[in-house]
Amino acid sequence: MSTARVLYWFRTDLRLHDSPALKAALDLKPEVLYPIWCWDSHYVYHARVGNNRWQFLLDCMEDVSRSITKLNGKSKLFVLREPAVTLLPRLFKAWKITHLVFEKDTDAYGRERDAQVIESAKQAGVKVMFESGRTLWDSDKVVKANGGKPTMSITQLQHAGAKVGGIAAPIETPESLPDPGDLALDFAQTQPDVSSDINAKYRNGEEGSYNSGVAGPNGDFAVPTLDELGMKPATTPHRGGESIILQKLEAILSDEEYTGTFEKPKTSPAAFEPQSTCLTSPYLHFGALSCRYFYHRVEQIAEKRRQTNKSVSVPPTSLTGQLLFRDMYFAAQAALGWSFGQTYNNSHCRFVPWHLPSKIDLKTKLITGGYEVNDVQKEMEFQRWATGKTGFPWIDAIMRQLNIEGWIHHLARHAVACFLTRGGCYISWERGAEVFEELLIDHEAACNIGNWQWLSCTAFYSQFYRCYSPVAFGKKWDDNGNLIRKFVPELKNFPKKYIYEPHKAPIQDQKKAGVLITGDGEETERDGMSVYPKPMFDFPTQREVCIQGIKQAYRVGLHGNDAKVLDGTWKQLFDDNGEGPTEGEQGGPGGMLSFEDAEGKEDGHHAPLTPRRSSKEEKSKYVPRPTTTTIHKRDRSQGTLDGAFTKKAKK
DNA sequence: TTTCAGGTTGGCTCG
DNA sequence: CCGAGCCAACCTGAA
């Protein structure tokens with residue numbers, strides 16, 4: 001028995017199986033081991049996190065805590081209600097810590113937070129150990145093997161991965177855990193600075209994370225409830241936890257035909273009972289499932305099938321291929337840092353003059369969390385998209401499923417992302433990414449950002465003439481419109497013939513189905529009948545507008561870090577009549593209105609807004625969706641779970 | 001430097 | 001009803 005007193009800092013690695021960091025901690029043969037979680041004010045107030053993802057996180061924490069207690073009745077996940085950056089320096093002393101161990105993060109926010117923690121540990125004489133564990137390969141090693149560049153294709157990732165070496169074999173779940181030490185705390189809780197609460201709309205009570213002491217309302221370091229966070233109950237049917245997913249995984253893997261021949265493009269985006277894919281993504285996000293364990297279990301089955309001459313699917317469409325894409329996005333993020341999450345100053349993101357562009361802080365070259373409303377019509381289209389009121393039932397069904405359940409199929413994400421950006425509204429992918437960040441229970445910053453760039457044809461992918469139809473694509477999978485009938489219940493009894501284009505149905509058919517197709521989504525009832533909106537634009541027309549717009553952007557050929565993007569002179573290269581905020585001399589580099597005060601100020605609405613399309617009247621009755629138009633201090637889209645600190649300006 | 005094949009997962013028509 | 005093949009048309013990376 002050594003004299004090591006170990007703080008094991010759980011982050012997004014809420015599991016006991018296959019954890020390289022936990023193994024490193026246990027290899028110290030510690031005298032005591034404290035499994036802890038530091039409650040992060042950034043995640044509570046400033047990252048976009050809806051109540052569904054909160055619930056999933058709390059589920060995962062509860063589950064890992066129970067598993068810890070099973071291995072040692074004295075131990076559990078000790079939840080400390082304070083961000084790591086302020087808490088740990090004092091905790092090191094109070095609990096006489098000798099070692100701090102955690103799983104490595106490679107996103108920009110995580111790196112900066114961890115650098116601060118590592119520095120404070122150094123000053124306290126605490127040894128720090130961390131291990132890569134979130135990905136198949138250490139993302140930093142992948143980047144190095146890829147010549148220091150971000151991995152922009154699956155072949156690049158595969159080549160770089162091969163250079164790094166084999167994917168590590170899974171590590172056994174520990175059979176016992178050391179006792180925790182004395183839990184007395186000789187310091188008071190430090191109140192984090194709370195200047196705004198981006199998640200206020202999810203609360204029905206007071207947020208209580210930081211007013212009951214470090215050990216929580218009962219003084220027992222318990223995992224909080226949604227109630228303690230002042231949050232409304234979750235609406236998602238999906239529940240988190242390592243034990244749930246390990247059990248579910250066995251059920252999936254027991255179907256060797258499904259596992260061995262899985263091809264993502266052949267799985268239906270319209271299936272919901274049950275879903276057509278395994279829904280492992282939220283568990284992978286919170287670390288409740290190890291991607292390497294998943295990978296090797298699938299590979300074993302594939303190998304068995306190969307030896308018996310049974311058909312086997314291969315990357316990129318196979319199950320293992322899905323994990324490779326995840327690693328590709330993680331390595332791209334690891335290489336690009338902050339700029340990965342935005343167009344501005346991103347060397348690998350193509351510049352397109354999208355509507356509703358992000359505001360930029362010129363000093364840091366980072367997006368502020370706000371955006372320019374260059375066209376009120378486009379703002380309305382964005383709000384209708386986000387809430388599932390576009391008048392295109394396929395799009396609306398998916399967006400409502402996202403709002404209610406927090407999970408939608410990958411191809412469904414394609415359909416709505418293409419629709420918002422290059423194949424419909426011509427609105428910035430950064431707006432869509434923010435909505436997904438808020439609503440998805442599986443939100444993984446690297447994958448979300450990467451996929452939005454993919455679908456908007458700004459990075460990773462470029463075939464913009466391949467455009468998803470909001471009618472034909474859905475019909476291909478779900479002719480009867482079952483997904484629509486489930487999530488757009490006002491169309492539940494609509495005739496199959498018109499279910500994807502209800503505005504084409506004769507009024508008699510509408511009345512018979514008990515729904516009128518009219519208006520723009522504000523009205524929900526008329527004459528005792530439900531109301532569903534008309535399409536917010538003619539899709540074929542918009543498709544053509546978008547393709548021409550992107551074509552011009554490709555011809556101009558700018559990327560986020562080109563000088564003309566950085567200083568705003570890109571407008572000179574675009575036709576004033578082109579789609580997007582391309583006209584005029586005024587405006588900022590990322591957006592177009594009064595950019596000089598973007599920095600530091602928090603009011604998002606720079607009046608007066610000048611609608612470009614005078615032919616379309618402003619719909620003054622429309623009430624915008626609050627979250628996305630209320631501007632907060634920078635809401636970091638790459639934030640992970642812990643720490644809160646003031647970001648220093650970069651030169 | 002030029003060339004050319006390849007690119008996770010579209011839409012449409014025809015047999 | 002299904003699948004094959006064409007359409008339309010771009011960049012990127014490897015050779």
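Below, chains carry the letters A, B, ... as their sequence lines are ordered, and counting in each starts from 1. This structure is a prediction, so every number in the text was calculated from the model and none was measured. Side chains are part of it too, since the values below use all heavy atoms of this structure and drop only hydrogens, waters and symmetry mates.
In this structure, the side chains of A:P502 and A:P393 come closer than 4.5 Å at one or more pairs of heavy atoms.
Across the protein-nucleic acid pair, A:L411 atom CG and B:dG11 atom C1' stand 15 Å apart, rounded to whole Å. In this entry the distance linking CD1 of A:I550 with C1' of C:dC11 reads 13 Å, nearest Å. Atom CD in A:Q453 sits about 16 Å away from atom C1' in C:dT12, given to the nearest Å. Whole-Å rounding puts the A:H409 NE2 to B:dT8 C1' distance at 12 Å. For the pair A:F473 CZ and B:dT8 C1', the computed distance is 12 Å after rounding to whole Å. Rounded to an integer number of Å, the gap from A:Q552 CD to C:dA9 P is 16 Å. Counting to the nearest Å, the P atom of B:dG11 and the CD atom of A:E544 are 15 Å from each other. One interatomic measurement links the two molecules: CD of A:Q463 to P of B:dA5, which rounds to 15 Å at whole-angstrom precision.
Ranked by how close their nearest DNA chain C nucleotide is to the 5' end, A:R555 and A:D479 are led by A:D479.
Scanning atom types as modelled, no donor and acceptor separated by under 3.5 angstrom connect the side chain of A:T155 and the base of B:dG6. Judged by atom type and distance alone, A:Y465 reaches the base of C:dA9 through a side-chain donor-acceptor pair under 3.5 Å.
Residues A:Y344 and A:F351 place their aromatic rings such that the two centres sit no closer than 6.0 Å.
Applying the Watson-Crick and G-U wobble criteria (two distances, each under 3.5 Å), B:dG10 pairs with C:dC7.
Using a 30° and 60° split on the angle between ring planes, A:F436 and A:W385 fall in the parallel class, below 30°.
Rounded to whole Å, the P atom of B:dG11 lies 22 Å from the corresponding atom of C:dC11. Atom P of B:dT8 sits at a distance of 23 Å from the matching atom of C:dC7, rounded to the whole Å.
A sub-4.0 Å separation between OP1 or OP2 of C:dG13 and a side-chain N or O of A:Q156 is present. Residue A:R350 places at least one side-chain N or O under 4.0 Å from the OP1 or OP2 atom of C:dT12.
Judged by ring centres under 5.5 Å apart and planes tilted less than 30 degrees, A:F325 stacks against the six-membered base ring of B:dT8.
Of the candidates B:dC12, C:dC10, B:dT8, the closest approach to any side-chain atom of A:Y329 belongs to B:dT8.
A cation-pi geometry, defined here as NZ or CZ lying under 6.0 Å from the six-membered ring centre and within 45° of its normal, does not hold between A:R485 and A:F494.
For A:K248, the NZ atom sits in a packed shell: over 12 heavy atoms of surrounding residues, nucleotides or ligands are nearer than 6.0 Å.
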